[in-house]
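In this text the structure is predicted, and so the values were computed from the model without any measurement. Just so you know, these numbers use all the heavy atoms, side chains as well, and skip hydrogens, waters and symmetry mates. When a ligand or atom number is given, it counts from 1 through the structure's own listing order.
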Amino acid sequence: MLLERTDSRPAGDLLVALERDSPVSLHRQIEASIRAAIRAGRLTQGVALPPTRSLAADLGVSRGVVVEAYQQLAAEGYLTSRAGSYTRVLAGPDTATGFPSSPEEDAPRIDFCPCRADGSRFPRAAWLRSLRRVLATATDDEFGYVSARGAPALHDALAEYLNRVRGTSATPDAVVVCNGYGQGISLIAQVLAASGAKRLAVEDPSTDDDAIPVARAAGLEVVGVPVDGDGVRPDALDRLDADALVLTPSHQWPTGAVLAPDRRAAVLRWAERRGALVVEDDYDAEYRYDRAPVGAMQGLAPDRVIYAGTASKILAPGLRLGWLVVPQRLLGAITAAKALADRGSPVLDQLAFADFLSSGEFDRHVRRMRPIYRKRRDALLRALADRLPQLEPAGVAAGLHLMAHLPDHLDERRVVAAARAHGVAVHGIGPYRIATDGRPGLIFGYATLGERTIAEGVRHLADAIAEQL
Ligand SMILES: Cc1ncc(COP(=O)(O)O)c(C=O)c1O
């Protein structure tokens, strides 16, 4: 057995397996071991190998054996060595001579991917100021285990912000900080299932990578509620026998619809009648362009609604900062689920975010970004009107994406594929539908693209569609 012998041991930071009884010579075994590590990606390009003298000493072999192995691998293109420097890995798994490269799809030239904020606008300087301030002022206790609900300073700052800007009815002790909405909805699904809930209703169409998979993983059945131009249809709710409903009322994902006021009231009446819970995913509410802000539903029924927010659309998804405002009766269970998941989110980030909010930087950032995104949206609408007037934009008043209905004679999947062949990535709405058939359409994220690129992307898309006709 190769790895059970005492000769098989780490050499510096390099694990080399040697079998002294083997008929294979020692230098060939060293070669094979290093070659396999490079091919498997365990040793990556640029990594320095131990000097021959120390590897030889660690393995209990003469230095010449290691030199021979290194020379052979250098000749094969795996390693490189220069006088006075370490021998390094030259090739990654896809580039070394002698083994095949994995074919990769060409990246699209213009990507209308809908789920992104513009990372290049992340307010680095302001975030750094917040980080510096909290590092200078945080008490020692704040670096210890804090409540799984998160840092009290962030509960205060979020409650103030959400009540002021989103019209919630939030007290700091109802806020649970989590790692993005992704974790928040997972905690909610677990708590629902543990409390005996059986069915979770989600909007149809809706995103397929958060509520649906986590609800199923928690053992809940998922049912879709049809969405039209005014958002989710409450008349369909009564037939569904659902224990909870997940909604994106301020900008429906993916149709972009804003839930009409009478429907908000009807959804809340349904929840009250059934004793059901509403989860309000308020993921991009701050970006609204041509309409007055619509307050959060949570403010109308704080006992029936869990409010869920995220920094992913306003700042950056890599922060993994999200928050829930939870009705009192569920607070203990959600906090316990969060404690079980990870004992609480990283405190330094929470404190920095609390400072960022309370110093007004978050508001400033939203105000700075709104006209930038608005111009990009306008550029997209202009280009669509010029080049593709047969498409019908919808859900354009808010958010970081819009959708455009396709005329009936165009096949959505073929349009998406043809666009890809022209270097343009755009999503169809079909994959996000659960049960309801609906008009075909394309989803355009515009937040990361400059105005000229948007126009160019639509031009290529128009060429791709012209070829379909
Ligand atoms: C509908 C919806 N809600 C929320 C989010 C944000 O998720 P997270 O906070 O986990 O990044 C996304 C991300 O794309 C989304 O599509």
Q: Got a donor-acceptor contact below 3.5 angstrom from the Ser186 side chain to the Gly182 backbone?
A: no

Q: N/O of Thr310 under 3.5 Å from N/O of ligand 1, yes or no?
A: yes

Q: Counting heavy atoms only, name the option from Lys313, Arg320, Glu203 that's nearest to atom 12 (C) of ligand 1.
A: Lys313

Q: Around atom 3 (N) of ligand 1, find the nearest protein heavy atom and jot down its residue, atom name and distance.
A: Asp281 OD2, 2.6 Å

Q: Verify, without hydrogens or angle tests, whether Asp282 (side chain) and Gly309 (backbone) share a donor-acceptor contact under 3.5 angstrom.
A: no

Q: I'd like to know if the side chain of Glu203 and the backbone of Ser206 have a donor-acceptor N/O pair within less than 3.5 Å.
A: no

Q: Using 30° and 60° as the class boundaries, would you call the ring planes of Trp253 and His401 parallel, tilted or perpendicular?
A: tilted

Q: May I ask you to check whether over 12 heavy atoms, not counting those of Arg413, lie within 6.0 Å of atom CZ?
A: no

Q: What protein heavy atom is closest to atom 7 (O) of ligand 1, reported as residue, atom name and distance in Å?
A: Tyr181 CB, 3.7 Å

Q: For ligand 1, which is the ligand I care about here, please tell me if Gly182 has any N or O atom under 3.5 Å from one of the ligand's N or O atoms.
A: yes

Q: Mind checking whether Gln183 has a heavy atom under 4.0 Å from ligand 1?
A: no

Q: Show me which atoms of ligand 1 lie under 4.0 Å from any heavy atom of Cys115.
A: 14 (O)

Q: Short list, please: which atoms of ligand 1 are under 4.0 Å from a heavy atom of Gly180?
A: 9 (O), 10 (O)

Q: Does Arg199 pair with Asp241 as a salt bridge, N-O distance under 4.0 Å?
A: no

Q: Please report which non-hydrogen protein atom sits nearest to atom 11 (O) of ligand 1, along with the residue it belongs to and the distance in Å to one decimal place.
A: Ser312 OG, 2.6 Å

Q: May I ask you to check if ligand 1 and Asp210 share an N or O to N or O distance below 3.5 Å?
A: no

Q: Is the side chain of Arg166 donor-acceptor paired with the backbone N or O of Val294 at a distance under 3.5 Å, no angle test?
A: yes

